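In what follows, a structure is listed as structure tokens, so that the remarks can point back to it.
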There are 2 protein chains.
Amino acid sequence: MSEKDLKQEVTDKYSLRGRVFSRLREDILSGKYEENEELREVAIGEELGVSRTPVREAFRQLELEGLIRIVPNKGAYVTGISEKDVKDIYMIRSRLEGLAARWATEHITDAQLEEMEENVYLAKFHSEKGHYEQLAELDNRFHEIMYEASGSKMLEHQLKDFHQYVIRVRKKTLSSARGPKSNLEHEGIMLAIKNRDGDLAEKLAHEHILNAYENLIKAGLANG
Amino acid sequence: MSEKDLKQEVTDKYSLRGRVFSRLREDILSGKYEENEELREVAIGEELGVSRTPVREAFRQLELEGLIRIVPNKGAYVTGISEKDVKDIYMIRSRLEGLAARWATEHITDAQLEEMEENVYLAKFHSEKGHYEQLAELDNRFHEIMYEASGSKMLEHQLKDFHQYVIRVRKKTLSSARGPKSNLEHEGIMLAIKNRDGDLAEKLAHEHILNAYENLIKAGLANG
DNA sequence: TACTGTATAATTGTATACAATCGTACATTA
DNA sequence: TAATGTACGATTGTATACAATTATACAGTA
């Protein structure tokens, strides 16, 4: 069991519940539903062509994931994210990403390091071209690689959970990746990992998230 | 919504599902079930006098909490905690407890600070008397106060989640609180918070968890 | 008008019936 | 004997029926 994830991934793509769960999560994160919008079991079930049972089970999981809030005997509501929540998330992430970077210096595989280098290289290209869509995608992936390279399923799961919120916040604020500056920071983290410099990697990854938060605030979260 | 918790607590004590969830969690944490023991829906349901439906919903939540692992079409199994998991948990906690301590210097209320002082004082008493049961209880409570005093529902929830594992590990290793040394560290953290010294509070709380881990290892996790 | 009680419809909570899946035991065959 | 196929039982997955709860509208009353 030592290789097993404590917080089990929901990967049961082939059960109805799994499909409902994935679909709802996607729809909530993509902003299809308004904040505080009520989700009715029958309506969701009909939309996806399933009964209430798998929908209810998916609801229970989405509740623990923090995406909806269930009021007993009343209903399920899409959760809002307050500005304080966003700040807390970024501050917590800053610590954990630092830890992930440190551990990556100890556990990263050659293949992962290669993908990281490629990621940084590609991001530089797309940054010059102004391809924001691809940049955001690469940014997400960069962090995912680092989570995986940390060699800790526990930490990986925690950070992926938080990343969900990051994606939501980005959609909400319409703020795309930060472009060149963010890339440079990625490159620095990557090099620190490559050189197996744990202290530096942790420091840079930590600061990287703080910078991302600063940028997010400037980009208008405070206004919107 | 700004005061609402993103990761919703499961406080629905009055629904059958809520009761099943709480009961199973308690039983798993208390070690009633062996690692990898299979939990059957009907059996659990009969034991608690409910049908499979609330049991299944509770299972889905316990899965996300990391206490059980559900294999599609097969069954639910109590998750094991590997030595690496324990190490990861403590390392992650060390960062987050540090953050909680720092934030507590900013947000702690007078009542919370008072309870913290009382906690330290009482612990000193029970430590001298060798009351290990009460010491463990006070230790748990000390950390909980700090989580609450952090003023961050996000962080509080994260840390309480991890604390579940800590309690499990303690049961498993039969290692009680560390006694006087741990108390002194608590006192140090408390004073740093009282003096509103964020840097010191974070540093001490961080080290406190690292020390607790060292102690745990010595206490025999490596052997058991 | 403002307040209270009640009937009703909508929705969630739970139980149960049925379908699909998996593991095991046992028979069959080479 | 060893390997393979198959029938059966046990268990989970899903749908549906029924119970409990909630919100709302509306009538009655001061």
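Everything numeric in this text was worked out from a predicted model, so none of it was measured. Heavy-atom basis, side chains included; hydrogens, waters and symmetry copies ignored. Naming convention: chains lettered A, B, ... in sequence-line order (proteins, then strands); numbering from 1 in each chain.
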Legend entry - Distance below 4.0 Å between B:Arg60 side-chain N/O and D:dT12 OP1 or OP2: no

Legend entry - Sugar-phosphate or base contact per nucleotide [nucleotides 5-11 of chain D; S, B, -; heavy atom under 4.0 Å]: ------S

Inset, instruction - Figure out the CZ/C1' separation between A:Arg19 and D:dG13, and round it to whole Å. - result: 13 Å

Legend entry - Residue list, ring pair (Phe, Tyr, Trp, His ring centres under 6.0 Å) with A:His126, at least two apart or on another chain: A:His131

Legend entry - Side-chain N,O (A:Arg56) to OP1/OP2 (C:dG13) below 4.0 Å: yes

Legend entry - No-hydrogen, no-angle side-chain donor-acceptor test under 3.5 Å, B:Tyr147 and B:Glu97: yes

Inset, instruction - Convert the base pairs of DNA chain D into dot-bracket notation, remembering that pairs crossing earlier ones are written with [ ] and that bases paired across to another strand are shown as |; include only Watson-Crick or G-U pairs under 3.5 Å. - result: ||||||||||||||||||||||||||||||

Legend entry - Contacting residues from residues 45-55 of chain A, given that a heavy atom lies under 4.0 angstrom of DNA chain D: A:Val50, A:Ser51, A:Arg52, A:Thr53, A:Pro54

Legend entry - A:His186 and A:His208 aromatic ring geometry - parallel, tilted or perpendicular at 30°/60° bounds: perpendicular

Legend entry - Heavy-atom side-chain proximity of A:Phe21 to A:Leu62 below 4.5 angstrom: yes

Legend entry - Interatomic spacing from CG in B:Leu99 to CG in B:Leu159 - rounded to 0.5 Å: 8.5 Å

Inset, instruction - Name all residues meeting the side chain to side chain donor-acceptor pair (under 3.5 Å) criterion together with A:Arg95; count only those two or more places apart in sequence or in a different chain, and write none if there are none. - result: B:Glu202

Legend entry - Sidechain N-carboxylate O distance under 4.0 Å for A:Glu47, A:Arg40: no

Inset, instruction - Could you tell me which residues satisfy salt bridge (charged side-chain N to carboxylate O under 4.0 Å, His left out) with B:Glu41, sequence neighbours excluded, listed by chain and number? - result: B:Arg52, B:Arg56

